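What follows is a single structure, written as C-alpha cells, with notes after it.
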Amino acid sequence: MMIELERLLRSQGFGSRADCRALVRSGSVGVAGQLCENPFARFEADGLSFTVDGVAWLYRRFAYLALHKPAGYECSQRPLHHPSVYSLLPDPLLTRGVQAVGRLDEDSTGLLLLTDDGQFIHRYTSPKKAVPKVYEVTTRHVVDAPQIAALLAGVVLNDDPRPVAAQDCVLLGPRCLCLTVTEGRYHLVKRMLAAAGNRVEALHRISIGGFVLPASLEVGKWMWLEAPELELLAADKVSTF
Ligand code: URA
C-alpha cells in the first residue's frame, strides 16, 4: 500500500496529521535510512522502516506486543491505586490505541499481551475459543492430592454454579503448582485455589496458547510479537513442565 508519510506516521501513533506534518518538516523523521522533510512523500508502507527522533520503527498495520508485567501495576487505563501497565509503553503505542488482551491482577506478574487489533482481542479473550493460559501458582498452604484432584475435576465459584476445571495441574513443589486454565474470569485462579481449600500467595503467567514468556524479556519490558510468535500463540499448544 502506497501512503503519504504524514498519513503513515498518523497510523503508527505519532499524533494528528498536523502533528505528523510538523514532525516531518522539523527534520525529525528518517525513512529507509534517509532524512525526509516532505510530509507528502509517498512510500510503500509494508516493511517500511523509519526513525522518529532517532528511534527506529517498522510500519505495522497492527501492533502486537508481549509485556513482562511487574507486580504493583494495574491493567487499567485509569488506575486507582498503582501505576498503569500502559505507563510502561512508549507514547505512539498508546496513541494508536494498544489495549491489554484480558487482564492480570495488580499483584500478578508475567505474560500480558497487548494490541490494537480488536479481532485479536476477541479471539484471545472469548470463552468459546478456550485458549490455554498457564500460571505458576505459589500457595500459602502445602498443596495436597485432594486439592489437585478438585482443581482437575472442577470447583464451584461463588458467581456461577457450573464447576470450572483446570485443564492441567502439575505440582512443582510443596507450595507451587503449574496450572492451566482456558477461561479468563475475574480472579479466576485465586478463586479456584480458594475453592479447593488453599490460597494464592503469588501468581505468574508463563504462557498463552503455545507462546511462552521469553526468559530474555526482563520484568517491566515489552517486545513486538512477529509472525513466529503469533503462530506460536495460535498453536494452542500447552507448555509442559
Ligand atoms: N487469575 C487470577 O486470579 N488473577 C490473575 O491475575 C489471573 C488469573
Side-chain angles (χ1 to χ4, degrees), residues 1 3-106 108-122 124-125 208 213-214 216-227 229-230 233:
M1 175 186 60
I3 185 170
E4 288 173 351
L5 185 54
E6 175 187 296
R7 282 177 185 268
L8 179 134
L9 291 171
R10 174 160 168 63
S11 75
Q12 304 298 289
F14 289 90
S16 66
R17 284 185 67 177
D19 294 337
C20 294
R21 196 174 313 153
L23 202 59
V24 176
R25 289 204 167 127
S26 72
S28 301
V29 181
V31 181
Q34 299 238 304
L35 176 69
C36 181
E37 291 179 290
N38 176 7
F40 307 109
R42 290 168 70 82
F43 295 95
E44 171 55 50
D46 286 333
L48 192 73
S49 56
F50 60 98
T51 56
V52 178
D53 293 325
V55 178
W57 297 85
L58 184 68
Y59 169 83
R60 288 176 163 93
R61 174 144 186 260
F62 292 114
Y64 303 103
L65 321 172
L67 173 75
H68 188 160
K69 183 192 173 294
Y73 282 76
E74 292 181 31
C75 288
S76 162
Q77 306 268 7
R78 285 183 204 80
L80 293 177
H81 305 293
H82 301 272
S84 164
V85 290
Y86 295 99
S87 67
L88 299 168
L89 302 179
D91 284 344
L93 294 178
L94 305 180
T95 305
R96 65 183 286 178
V98 156
Q99 291 177 44
V101 180
R103 289 186 175 199
L104 284 175
D105 296 335
E106 171 272 315
S108 299
T109 58
L111 177 60
L112 183 69
L113 305 178
L114 299 113
T115 185
D116 55 357
D117 177 352
Q119 284 189 359
F120 182 93
I121 294 178
H122 177 71
Y124 284 92
T125 53
I208 298 178
L213 179 70
S216 56
L217 188 61
E218 289 168 33
V219 179
K221 301 287 185 208
W222 64 276
M223 60 181 271
W224 293 107
L225 297 176
E226 309 290 1
E229 290 92 20
L230 293 173
L233 265 173

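Computed from a predicted model, the values in this text were never measured in an experiment.
Put simply, the side chain of E44 gets close to the backbone of M1: a donor and an acceptor are under 3.5 Å apart. Using modelled atom types, no side-chain atom of D116 and backbone atom of F62 make a donor-acceptor pair closer than 3.5 Å.
Between C36 and V24 the shortest heavy-atom distance is O-CG1, 3.2 Å. Closest of all the heavy-atom pairs between E6 and C20 is O-CB, 3.6 Å. Closest approach of L111 to A66, counting heavy atoms only: CD1-CB, 3.8 Å. Smallest separation of non-hydrogen atoms from G15 and T95: N-CG2, 4.3 Å. In terms of heavy-atom proximity, L112 sits nearest to G102 at CD1-O, 3.9 Å. Contact detail for L35 and G27: the closest heavy-atom pair is CD1-O, 3.3 Å.
Annotation: the span from L48 atom CG to R60 atom CZ amounts to 12.0 Å, rounded to 0.5 Å. Taken from CZ in R17 to CG in D19, the straight-line distance is 12.0 Å, to the nearest 0.5 Å. We find the NZ-CG distance between K221 and L88 to be 9.0 Å, quoted to the nearest 0.5 Å. Atom CG of residue L217 and atom CG of residue L67 lie 7.5 Å apart, to the nearest 0.5 angstrom. Rounded to the nearest 0.5 angstrom, L233 CG and L113 CG are separated by 5.5 Å. Interatomic distance, CG of L9 versus CZ of R21, reported as 12.0 Å (0.5 Å rounding).
At a threshold of 4.5 Å between non-hydrogen side-chain atoms, the residues L8 and V31 do not count as touching. By the 4.5 Å heavy-atom criterion applied to side chains, Y124 and T115 are not counted as neighbours. For the pair L104/T109, no side-chain contact is recorded, criterion being any heavy-atom separation below 4.5 Å from C-beta on. Taking the side chain as every heavy atom from C-beta outward, L93 and W222 approach each other to under 4.5 Å. Using a 4.5 Å heavy-atom threshold, the side chains of M223 and E229 count as touching.
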Show the numbers, then the answer: is there a side chain to side chain contact (heavy atoms under 4.5 Å, CB included) between L5 and N38?
-> CA-CA 8 Å; L5 185 54; N38 176 7; over 6 Å; no
With side chain to side chain contact (heavy atoms under 4.5 Å, CB included) as the test, would you mind laying out the steps for T125 and V101 before giving the verdict?
-> CA-CA 7 Å; T125 53; V101 180; 3.9 Å; yes
Carefully, step by step, assess E74 and S84 under the rule side chain to side chain contact (heavy atoms under 4.5 Å, CB included).
-> CA-CA 5 Å; E74 292 181 31; S84 164; 5.6 Å; no
Side chain to side chain contact (heavy atoms under 4.5 Å, CB included) assessment of Y59 paired with F43 = CA-CA 11 Å; Y59 169 83; F43 295 95; over 6 Å; no
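For Q12 and R96, the side-chain atoms include at least one donor-acceptor pair closer than 3.5 Å.
Between E106 and K69 no salt bridge is recorded (no basic side-chain N to carboxylate O distance below 4.0 Å).
Ring-centre distance between Y64 and F120: below the 6.0 Å cut-off.
Just one of C75, S76, P79 meets the side-chain contact (heavy atoms from CB on, under 4.5 Å) condition when paired with V85; it is C75.
Sorted by first and then second residue, the ring pair (Phe, Tyr, Trp, His ring centres under 6.0 Å) pairs involving residues 65-99 (not counting sequence neighbours) are H68-H204.
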